[in-house]
Amino acid sequence: MAYEKVSNILKMAEKANTSAIAFNCNDYTMACSVVEVAEELRKPVIIMLYPADSFQKNCCGIAGFAATVKELVDRVEVPIGLHLDHCSDFNAILHAIQCGFTSVMYDGSMLPVEENIRLTRRVVDAAHALGADVEAELGHVGFAAQSDQEKEDLYTKPEVAARFCRETQVDSVAVAIGSAHGVYLETPKLDLKRLEEINKATDCPLVLHGGSGIPNDQLEQAFRLGINKFNVGTEYFQLYYDSIREFCQLNADKGNVLDLPLFVQERLKAYLRVKMQLSRL
Ligand code: 13P
C-alpha cells in the first residue's frame, strides 16, 4: 500500500479518542521492525526520520530513507505514514517532500511566537501546495537531561495555541506540557489540566514529544485528553544499540555476523508489540 497521509492517521486516532504512535528510525532494520509489527497487529503507525541523523550521515540520507521505507510500506496493507521530525530549514523541508515525505515538522519553538507563526505559515503554504502535512511546535519541548520539563514558562498556553493553529493552518501541533526529549532524570509529570484546556481551545490534533520514559497511566490519560500523535525515539534507539552489543557479546568468538539483523529485529519487535498496544487504534 502507498503511504497514508499522517493527517488521515491522526483523524483515525481522534475518532478513536486515542493516539497514533510515531517511532524515530534511521535505518532499514528499525523501520522494517515497525512496519512488520504494525502489519501483524493491524495498527496504523508513523515512521519518523530525525533529519540531523541523515545530515550527520548516521543514516542513508533523506532520499535513501524515503525510498527504503516506501519499499517496506508497499509490501503491507496497514496504513503507515512517513514524517520528517524536527526541522527548521525551509529548503531541507521542501527537499524531504520532494523525496517522498508526506509529512514534515517545522520547528520554530525557540522563536518568539510572532516569528514562529510567520515562518510556520510559510512552510504550511509551500507544503500544502505539494500535498504534504505540517506539524509545528508551540511552547518548547526541551531536553530531559537539562531538566527542561520543569521549565513551566516554556509550556504551551491554551489561548496562544488557539491563535497559532488558526493563523498557521497547521495539521497538528506539538505541545509543551512537561515532557522532554531523552532520558528523564526523574519520572516526568505531565500537566494534564493544561492539555485539557489546550484541547478545548483548538480542534487541531495535538502531538506529545519526548515519549520515552513517561509512565503508561499518564500516557493513557493524555491520549484521552487530546494527544493524537505520540513520538518515541530514545528508548527505541537504546534498545537497538543494546541489542547489537548483546549480539556481539554472544558471538564474540564466532566469525559469523550475518545473523545480526534478524537477532536485532527480534528484540525490537518484542518491544514494539508491547509499545504499540498503548494506542487503541
Ligand atoms: P524521545 O527521544 O525522548 O523518546 O522523544 C522522541 C521525540 O519526541 C521525537 O520528536
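The first residue in the sequence is number 1, and the count goes up from there.
The existence of a salt bridge linking Lys157 and Glu197 is excluded, since no basic side-chain nitrogen approaches an acidic carboxylate oxygen closer than 4.0 Å. Look at Arg118 and Glu114 and you find no salt bridge, because none of the NZ, NE, NH1 or NH2 atoms lies under 4.0 Å from a carboxylate O. Using a cut-off of 4.0 Å between Lys/Arg side-chain N and Asp/Glu carboxylate O, Arg273 and Glu40 are scored as salt-bridged. Between Arg75 and Glu71 there is a salt bridge, since a side-chain N of the basic residue sits under 4.0 Å from a carboxylate O of the acidic one.
Shown here are the side chain to side chain contact (heavy atoms under 4.5 Å, CB included) partners of Gln277, two or more places apart in sequence or in another chain: Leu41, Lys43.
Taking CG of Asn199 as the start and CG of Asn228 as the end, the distance is 7.5 Å to the nearest 0.5 Å. Distance check: Ile47 CD1 to Asp85 CG gives 13.0 Å after rounding to the nearest 0.5 Å.
No donor-acceptor distance shorter than 3.5 angstrom exists from the side chain of Asn251 to the backbone of Lys254, with no hydrogens or angles considered. Looking only at distances, a side-chain donor or acceptor of Tyr184 sits under 3.5 Å from a matching main-chain atom of Gly210. Glu246 places no side-chain N or O within donor-acceptor distance of the main-chain N or O of Val264, the cut-off being under 3.5 Å. A donor-acceptor pair under 3.5 Å links the side-chain atoms of Tyr3 to the main chain of Lys70, judged by distance alone. Side-chain atoms of Arg267 never come within 3.5 Å of backbone atoms of Leu239 as a donor-acceptor pair (strictly under, hydrogens ignored).
A pairwise comparison of heavy atoms in Ala20 and Ala13 identifies N-CB, 3.7 Å as the closest pair.
Side-chain atoms of His181 and His86, non-hydrogen and from C-beta on, do get closer than 4.5 Å to each other. Residues Ile198 and Leu206 are in side-chain contact: their nearest non-hydrogen atoms beyond the backbone lie under 4.5 Å apart. A 4.5 Å side-chain heavy-atom check between Ser19 and Ser279 finds every atom pair outside the cut-off. At least one side-chain heavy atom of Lys5 sits less than 4.5 Å from a side-chain heavy atom of Asp133. With contacts defined as side-chain heavy-atom distances shorter than 4.5 Å, the pair Ile214/Ser179 qualifies.
Counting non-hydrogen atoms of neighbouring residues, nucleotides and ligands closer than 6.0 angstrom, the CE atom of Met1 exceeds 12 such neighbours.
The aromatic rings of Tyr241 and Phe237 sit tilted relative to each other, their planes meeting at an angle between 30° and 60°. Taking the six-membered ring for Trp and thresholds of 30 and 60 degrees, Tyr271 and Tyr236 have nearly parallel ring planes, at less than 30 degrees apart.
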Trace of the salt bridge (charged side-chain N to carboxylate O under 4.0 Å, His left out) decision for Glu235 with Lys275: CA-CA 11 Å; Glu235 60 185 34; Lys275 199 76 188 177; 2.6 Å; yes
Verdict with supporting geometry, His128 and Asp171, side-chain contact (heavy atoms from CB on, under 4.5 Å): CA-CA 10 Å; His128 282 183; Asp171 302 284; 2.7 Å; yes
Steps toward salt bridge (charged side-chain N to carboxylate O under 4.0 Å, His left out) verdict (Glu135, Lys229): CA-CA 10 Å; Glu135 174 182 327; Lys229 175 171 174 278; 2.7 Å; yes
Verdict with reasoning, Leu195 to Leu190, per side-chain contact (heavy atoms from CB on, under 4.5 Å): CA-CA 9 Å; Leu195 172 61; Leu190 299 180; over 6 Å; no
Residue pair Met30, Gln265: steps toward the side-chain contact (heavy atoms from CB on, under 4.5 Å) verdict: CA-CA 7 Å; Met30 295 183 87; Gln265 272 192 39; over 6 Å; no
Verdict with supporting geometry, Val170 and Thr120, side-chain contact (heavy atoms from CB on, under 4.5 Å): CA-CA 8 Å; Val170 280; Thr120 300; 3.4 Å; yes
Stepwise ring pair (Phe, Tyr, Trp, His ring centres under 6.0 Å) check, His140 with His209: CA-CA 10 Å; His140 179 66; His209 282 240; over 10 Å; no
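In this model, no donor atom of one side chain and acceptor atom of the other lie less than 3.5 Å apart for Asn24 and Asn231.
Note on Ile177: it clusters hydrophobically with Phe230, by side-chain heavy-atom contacts below 4.5 Å among ILVMFWY residues.
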